[in-house]
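Every chain is numbered from 1, with letters handed out A, B, ... down the list of sequences.
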Number of protein chains: 2
Amino acid sequence: MNVRARQREVTRATLLRESRRLFAARGYGAVSLSEIVAAAGVTKGALYHLFESKAELFRAVLEQVQQEVARIVAETADAEDDPWTRFTAGCQAFLTASTAPDIQRIMLVDGPAVLGWNEWRAMDEAGSGSHLADVITELIDQGLIPPQPVAPLTHLLSGAMNEAALWLAASGDPEAHLPDTRAALARMLDALRLP
Amino acid sequence: MNVRARQREVTRATLLRESRRLFAARGYGAVSLSEIVAAAGVTKGALYHLFESKAELFRAVLEQVQQEVARIVAETADAEDDPWTRFTAGCQAFLTASTAPDIQRIMLVDGPAVLGWNEWRAMDEAGSGSHLADVITELIDQGLIPPQPVAPLTHLLSGAMNEAALWLAASGDPEAHLPDTRAALARMLDALRLP
DNA sequence: TATCGTGACATACCGACGGTATGTGAAAGG
DNA sequence: CCTTTCACATACCGTCGGTATGTCACGATA
């Protein structure tokens, strides 16, 4: 790889790292581009050479965060053989991962507001969202869940886990409430299962 | 009431109405104060005389929206005698009410991002959120739901309904998908019930 | 290796935004 | 009446996101 192309990647990675840190700490609206480029040690010229706008920079950060979460969920789920266990383990992994503060603010709070809910949803479905729909489809096919349209149930569960993660992180002591929340989620998932 | 005090209320109501319309249509970030005061037929002096900041104006709008939703939910629920039916009817009413586009963007998308999730949650609990926690507590007391901590289950259900409403409104044809979504929610709620 | 185009930035600047300080005229109080 | 108060209007500010232009090292070509 070229020196130029490599340097470009370094600058881009630095901007992504610093903007992710600042966005996570104080939110999209409260962080200025001047702040970001100062933290990254470059100027606005560099930023606008690499990203089209502030919103596009945020989108790139969000993409990175979502892929991290999707990877964790996929790895946890794939470690299980039983389809039902894959389902519940993946959900629990998502809940735990989404409790991290930087993932919270970027992925769950600012994401929909900055990009609009439609685009946010589209990005989510390219990440962990599709895993959920896939595994639910599988469970219906195998007769473990009553036959039903997949999309509504997927969004009910996705929203439940998102909100639970937000509450967990905001509740002061996530570690303390995690067991109860995991238990409540487990009860909810088990309740969906056919006898 | 004074002429002055009455005029003040008129101006305030006009600003709330116009800003709600604009916030709902294009989102908090994309609407400027100049636009709002122009639509309301006043100047920024009036706006800053009545509200401390743009965020405080938004908070006043959100408060209004949340109270409307809470009223609908409460009226629907209170029309039922059976505790379990009160629960499910209230949830269905919330789902339907939250599908309205202006309620969507203001209450579910921009609310957490503009005010922060903690403040948004606090406001929600002053509105329809507390109803949900109350009725769940009641159902546990009556032995209709397994004994468990109330908060985690409340947030799981609240998040499920929020996300389902967002998906419903974004799915192009809400009327078409509403029955399936209501059915999925009903299944989820029934699954929580003790035999 | 001399040349020259290209690209990865830096610099300088713009209009618009949220917010504030001050002015004004009509209603309220005496 | 006369004075105070208050619901605004006017004029202005610093900062923001965004852009147009300059600069200089790299890299391909002869």
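- Atom-to-atom, CZ of R6(A) to P of dC26(D) comes out at 12 Å; the value is rounded to the nearest Å.
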Pair R21(A)-E18(A), salt bridge (Lys or Arg N to Asp or Glu O under 4.0 Å): steps then yes or no:
CA-CA 5 Å; R21(A) 191 174 56 80; E18(A) 293 304 314; 2.6 Å; yes
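- A close approach under 4.0 Å does not occur between any side-chain nitrogen or oxygen of H49(B) and OP1 or OP2 of dC8(D).
- Listed in residue order, the members of residues 27-42 of chain B having a heavy atom less than 4.0 Å from DNA chain D are V42(B).
- Within the 3.5 Å criterion, the main-chain N or O of A184(B) finds no donor-acceptor partner in the side chain of Q148(A).
- Comparing R4(B) and T43(B) by the nucleotide of DNA chain D that holds the closest heavy atom to each, the one mapping nearer the 5' end is R4(B).
- Between S53(A) and dG17(D), a side-chain N or O to OP1/OP2 separation shorter than 4.0 Å is absent.
- Distance, Q7(B) CD to dC8(D) P: 5 Å, rounded to whole Å.
- When rounded to the nearest whole Å, the span between CZ of F58(A) and C1' of dG17(D) equals 16 Å.
- In this structure, CZ of F51(A) is placed 11 Å from P of dC9(C), rounded to the nearest angstrom.
- Here dG17(D) presents its P atom at 15 Å from CD of E56(A), a figure rounded to the nearest Å.
- The distance between atom OH of Y48(B) and atom P of dG19(C), rounded to the nearest whole Å, is 3 Å.
- Electrostatic pairing of D190(A) and R187(A) does not count as a salt bridge here, judged by no charged N lying under 4.0 Å from a carboxylate O.
- By the 30° and 60° cut-offs, the orientation of the rings of W120(A) relative to W117(A) is tilted.
- In this structure, F23(A) and Y28(A) have tilted ring planes: the angle between them lies in the 30° to 60° band.
- The side chain of N2(B) places no N or O atom within less than 4.0 Å of a non-bridging phosphate oxygen (OP1 or OP2) of dA27(C).
- For the pair L57(A) CG and dG17(D) P, the computed distance is 11 Å after rounding to whole Å.
- Under the 3.5 Å distance criterion, the side-chain polar atoms of R193(A) are left unmatched by any main-chain donor or acceptor of I145(A).
- With hydrophobic clusters built from ILVMFWY side chains whose heavy atoms lie under 4.5 angstrom apart, M161(A) shares a cluster with W84(A).
- Distance alone, capped at 3.5 Å, places no donor-acceptor pair between the S158(B) side chain and the T154(B) backbone.
- Ionic pairing of E56(B) and R59(B) is present here: one or more N-O contacts between side-chain nitrogen and carboxylate oxygen are shorter than 4.0 angstrom.
- When the C1' atoms of four end pairs are superposed on the next four at each end of the helix from dT1(C)-dA30(D) to dG30(C)-dC1(D), using five pairs per end, the two resulting axes differ in direction by 10°, to 10°.
- Evaluation of atom-type donor-acceptor distances gives a pair under 3.5 Å for the side chain of K44(B) against the base of dG18(C).
- Remark: P of dG19(C) and NZ of K54(B) are 8 Å apart, rounded to the nearest angstrom.
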